[in-house]
Amino acid sequence: MTKCTIFQTPPSKNLINVGLLAVRLGLGAGFLWAGINKVSDPAAFGMMLQNMAGIDPMMAPNMALLIGSLEILSGVLIWIGLITRIATAYQLVVLVGAQVMFGFDFTMGPAIWKDPALIGIAIMLLLYGSGKFGLDYLISKSKSHQLVDHQERIK
């Protein structure tokens, strides 16, 4: 009997790492774009925060700048795979916050329908990290070599 490989994923670690890279690039690009839009027009996003979430009108533009700046930063960090889990945790807060703010009504808000999918992607990155093609991997590999060298010197 022959195996049907259509329904099986090859157990290749390189394939998994390529997948994690693709997910990182997509999620990072989404947050980078969203952050740039908020920072370039904080008054517009601030108005939306006022209208939809009842944020104080004096605080709304500053919140828009803060949220947008952190979205840009977290998007770049995820792109390069540096402190991926921390950057992803921030993005999860934003995504879940947007879901709560819009009351899980997928007919309101700026393309809010995509957020459940992004939440799933973010959870995957939170669990698996950046993968082999990120700075987190290079740093951890370097740290493990330093630890082995240190342990060998102690012997």
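Keep in mind that this is a model prediction, so the values were computed, not measured.
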Pair listing, salt bridge (charged side-chain N to carboxylate O under 4.0 Å, His left out) test, anchored in residues 52-71, at least two apart: Lys38-Glu71
Distance in Å, Asp136 CG paired with Ile80 CD1, rounded so as to fall on 0.5 Å steps: 9.0 Å
CA sep, side-chain torsions, deciding dist, call: Ile36, Leu32, side chain to side chain contact (heavy atoms under 4.5 Å, CB included): CA-CA 6 Å; Ile36 289 170; Leu32 185 62; 4.1 Å; yes
Shared hydrophobic cluster for Val94 and Val100 (ILVMFWY, side-chain gaps under 4.5 Å): yes
Donor-acceptor under 3.5 Å (Ser142 side chain, Leu138 main chain): no
Using distance only, find each side-chain donor-acceptor pair of residues 45-54 under 3.5 Å and give its atom names and separation, not counting sequence neighbours.
residue : atom : partner : partner atom : Å
Asn51   : ND2  : Met47   : O            : 3.3

CG-OG1 distance between Leu20 and Thr84, expressed to the nearest 0.5 angstrom: 9.5 Å
Where at least one partner belongs to residues 40-54, residue pairs that pass salt bridge (charged side-chain N to carboxylate O under 4.0 Å, His left out), sequence neighbours excluded: none
Considering all heavy atoms, the nearest Gly131-Tyr137 contact: O-CB, 3.3 Å
Any Val39 side-chain heavy atom under 4.5 Å of Ser69 side chain: yes
CG-CG distance between Leu95 and Leu27, expressed to the nearest 0.5 angstrom: 7.0 Å
Under 3.5 Å, which donor-acceptor pairs link side chains of residues 119-129 to any protein atom two or more places apart or in another chain?
none

Whether Trp79 side chain and Gly28 backbone form a donor-acceptor pair below 3.5 Å: no
Atom pair CD1/CD1 of Ile67 and Ile72 - distance to nearest 0.5 Å: 12.5 Å
Joint hydrophobic cluster, Val96 plus Leu70, side-chain heavy atoms closer than 4.5 Å: yes
Closest non-hydrogen atom pair between Pro42 and Pro61, with its separation: CB-O, 3.7 Å
Interatomic distance, Phe31 atom CZ to Ile78 atom CD1 [nearest 0.5 angstrom]: 7.5 Å
Contact list for residues 16-36, test side-chain hydrogen bond (donor to acceptor under 3.5 Å, both in side chains), sequence neighbours left out: none
Pairing residues for Thr88 by the side-chain hydrogen bond (donor to acceptor under 3.5 Å, both in side chains) criterion, not counting sequence neighbours: none
Student check: side-chain heavy atoms of Leu118 and Gln91 closer than 4.5 Å: no
Test log, rule side chain to side chain contact (heavy atoms under 4.5 Å, CB included), inputs Ile139 and Leu82: CA-CA 9 Å; Ile139 291 168; Leu82 181 62; 3.6 Å; yes
